[in-house]
Amino acid sequence: YQRRVRGKFVAKNLQSSNFPKRMSIKKIGIIGTGWGVSVQAPLFRTLGFSIEGLCGRSIQKTQELANKYNIPFATSNWRDIVEHEHIQLVLIVTPPALHKQIALACFESGKHVICEKPLALNVNEAIEMAKAAKQHNQLLSSVDHELRFLSTFQTLKAKLKDENIFGKIFSVDALYFSAKGLITDINTWWYEKNQGGGILGAIGTHLLDMVTWCLDLKPIAISAKLESLGVNQSDNRADNCCSLRIEYENEVIVNIRINGVTLQNAAHQFFFNGTKTSAKIDLLTGELSIGSNIQKLDDYSIITQTSAHAFSLGTLKMAQALEQLEINKNFVDNAATFEQALIIQSIIDAAHISNQNSSTRTLIQIPQI
């Protein structure tokens, strides 16, 4: 911004102007060599963030990726990232079994955190993490539910409050048929229960978060069926398909169906059903339909640095929200907090209990922090 003084343009001090001051969180460390490197790193970089360090289980693979993506520091010890003097924000992109210990160490080291979902292995771990985030509330702490930043969901969430449009919302349906086809990739932690693997945690957390966030209602009870189909069974084999029926406040029934073994992009859709009209979000097309009105609100083609889809666009918009964060503000608008993620973890834990008891209706116990 400039102003004219005696015929010359002089830069005006933005910090003393009416412009909001921005937090200076620009230096990032990534723990995990999958999503963090392939999607988060290139998209954060487009906004001026620098990737200062990368951690992975194999130092050889990690160093190769660091060289490929011009990351100056590589390690196989996650504590090196947490204790790195230049890193301000840590992206925890590991199996859920590691989330708690890394997040707690980040807080103790004064690092901001964006943690992958699900928040933890179980509710007890999630409680510890939510309490730690609350105790270190001068630091940013959020969970990577990037779909919240899409225009489709933000527009729908705002309109759901208008009873003149929808009347009373009485049911929600969410479908996700995955083109990843987990059946073809059996040698990853996604298949291991003790690492927090399974389609419910990997994909179901996103659907549960979006429904819960849009409805702004408390989940009460769940009936769940989790299955591992088309693969060799073992005690540690995680689910790749699931069906959930969840009761929310205000007599709202939510049905979620996830299939992680199809090789087709069959569906990634949400339906919110009211007494006056219904809404549909199609995340394969970026469209929101309310009644007969169809709007394309999310354009995935603007993503050129990595694969273009709903999750990558949500990641870019999340990074934009972080980049625009005002000083002295310790949260990003619309980002999922650890305490909100604890609610989703409570649903997941109740789903597992229900499944173990032949899909019996199970109450969802949400701890108070």
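Between Val252 and Phe170 there is no side-chain heavy-atom pair separated by less than 4.5 Å. In this structure the side chain of Phe166 reaches within 4.5 angstrom of the side chain of Leu160, judged on heavy atoms. Within the 4.5 Å cutoff, the side chain of Ile71 has no heavy atoms near those of the Leu65 side chain. Side-chain contact check for Asp298 versus Lys317: some heavy-atom pair is nearer than 4.5 Å. Ser312 is listed as a side-chain neighbour of Leu43, based on a closest heavy-atom distance under 4.5 Å. With a 4.5 Å cut-off on side-chain heavy atoms, Leu316 and Leu47 count as touching. Within the 4.5 Å cutoff, no side-chain heavy atoms of Ile256 are placed close to those of Leu175. Between Leu200 and Leu226 the shortest side-chain heavy-atom distance falls below 4.5 Å.
Side chain of Ser359 to main chain of Ala224: a donor-acceptor pair is present (N/O by atom type, distance under 3.5 Å, no hydrogens or angles). With hydrogens and angles ignored, the 3.5 Å screen pairs no side-chain donor or acceptor of Ser109 with any backbone N or O of Cys106. The backbone N or O of Ile353 lies less than 3.5 Å from a partner atom in the side chain of Asn357, making a donor-acceptor pair. No donor-acceptor distance shorter than 3.5 angstrom exists from the side chain of Ser223 to the backbone of Arg245, with no hydrogens or angles considered. A donor-acceptor contact shorter than 3.5 Å is absent between the side chain of Ser292 and the backbone of Ile290. Side-chain atoms of Lys117 come within 3.5 Å of backbone N or O of Ala202 as a donor-acceptor pair. Counting only distance, with no hydrogens or angles, the side chain of Ser38 and the backbone of Gly34 share a donor-acceptor pair below 3.5 Å. Side-chain atoms of Gln324 do not come within 3.5 Å of backbone N or O of Ala321 as any donor-acceptor pair. The backbone N or O of Leu140 sits less than 3.5 Å from a side-chain atom of His112, completing a donor-acceptor pair. Side chain of Ser228 to main chain of Asp239: no donor-acceptor pair is present (N/O by atom type, distance under 3.5 Å, no hydrogens or angles).
At a threshold of 4.5 Å between side-chain heavy atoms, the hydrophobic network of Ile, Leu, Val, Met, Phe, Trp and Tyr places Ile348 and Leu217 in one connected group. Linking ILVMFWY residues whenever their side-chain heavy atoms come closer than 4.5 Å, directly or via other members, places Ile28 and Phe149 in the same cluster. Ile51 is not connected to Val113 by any chain of hydrophobic side-chain contacts under 4.5 Å among Ile, Leu, Val, Met, Phe, Trp and Tyr, and they are in different clusters. Cluster membership for Ile258 and Val211, using ILVMFWY side-chain heavy atoms within less than 4.5 angstrom, is shared. Hydrophobic clustering (side-chain heavy atoms under 4.5 Å, transitive across Ile, Leu, Val, Met, Phe, Trp, Tyr) groups Leu150 together with Trp35.
Residues Gln40 and Asp144 bring a donor and an acceptor atom of their side chains to less than 3.5 Å of each other. In this model, no donor atom of one side chain and acceptor atom of the other lie less than 3.5 Å apart for Asn124 and Glu128. Residues Arg79 and Gln101 bring no donor and acceptor atom of their side chains to less than 3.5 Å of each other. Between the side chains of Ser301 and Asp299, a donor-acceptor pair is found at a separation under 3.5 Å.
Nearest heavy atom pair, residue Gly196 against residue Pro96, reads O-CG, 3.6 Å. Scanning both residues, Glu125 and Ala120, for their nearest heavy atoms gives CB-CB, 3.5 Å. A pairwise comparison of heavy atoms in Leu54 and Gly32 identifies CD1-O, 3.5 Å as the closest pair. The two atoms that bring Glu52 and Pro72 nearest to each other are O-CG, 3.4 Å, heavy atoms only. The two atoms that bring Glu146 and Thr315 nearest to each other are OE2-OG1, 3.5 Å, heavy atoms only. Nearest heavy-atom pair, Gly167 versus Thr275, reported as atom, atom and distance to 0.1 Å: CA-OG1, 3.4 Å.
Counting heavy-atom neighbours within 6.0 Å of Lys159 NZ, excluding the residue itself, gives a total of 12 or less. Within a 6.0 Å radius of CD in Glu249, more than 12 heavy atoms belonging to other residues, nucleotides or ligands are found. For Lys61, the NZ atom counts as loosely surrounded, since its 6.0 Å shell holds 12 or fewer non-hydrogen atoms of other residues, nucleotides or ligands.
Salt bridge annotation for Asp209-Arg148: present, with a cationic side-chain nitrogen under 4.0 angstrom from a carboxylate oxygen. Between Glu163 and Lys168 there is no salt bridge, since no side-chain nitrogen of the basic residue lies less than 4.0 Å from a carboxylate oxygen of the acidic one.
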Subject >> Steps toward salt bridge (Lys or Arg N to Asp or Glu O under 4.0 Å) verdict (Lys134, Glu339) >> reply: CA-CA 9 Å; Lys134 193 172 185 178; Glu339 195 162 350; 5.1 Å; no

**OP:** Output, in order, the C-alpha distance, side-chain angles, deciding distance and verdict of side-chain contact (heavy atoms from CB on, under 4.5 Å) for Leu283 and Leu147.
**Re:** CA-CA 9 Å; Leu283 287 187; Leu147 297 181; 3.9 Å; yes

Subject >> Val254 vs Tyr248, side-chain contact (heavy atoms from CB on, under 4.5 Å): CA-CA, chis, key distance, verdict >> reply: CA-CA 7 Å; Val254 173; Tyr248 280 75; 3.5 Å; yes

Original post:
Is there a side-chain contact (heavy atoms from CB on, under 4.5 Å) between Gln295 and Glu287 once you walk through the steps?
Top reply: CA-CA 5 Å; Gln295 293 178 287; Glu287 294 176 339; over 6 Å; no

**OP:** Check the pair Leu363, Gln365 against side-chain contact (heavy atoms from CB on, under 4.5 Å), reporting the backbone distance first and the verdict last.
**Re:** CA-CA 6 Å; Leu363 294 179; Gln365 306 289 346; 3.8 Å; yes

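We find the OG1-NE2 distance between Thr205 and His145 to be 5.0 Å, quoted to the nearest 0.5 Å. Put simply, CG on Asp349 and OG on Ser354 are 12.5 Å apart, with the number rounded to the nearest 0.5 Å. We find the CD1-CG distance between Ile203 and Asn240 to be 12.0 Å, quoted to the nearest 0.5 Å. Note: Asp173 CG to Leu207 CG = 11.5 Å, rounded to the nearest 0.5 Å. Here CD of Gln195 is found 9.0 Å from OG1 of Thr94. Values are rounded to the nearest 0.5 Å. From Glu227, atom CD reaches atom CG of Asn259 across 10.0 Å, with rounding to the nearest 0.5 Å.
For the side chain to side chain contact (heavy atoms under 4.5 Å, CB included) with Ser346, the qualifying choice from Ile222, Asn122, Ile127, Ile364 is Ile364, the only one to do so.
In this structure, Lys26 is positioned above the aromatic face of Phe49, its NZ or CZ under 6.0 Å from the six-membered ring centre and within 45° of the axis.
In terms of the salt bridge (charged side-chain N to carboxylate O under 4.0 Å, His left out) criterion, Lys280 has no residue partners (sequence neighbours excluded).
A centroid separation of less than 6.0 Å is found between the aromatic rings of His268 and Phe311.
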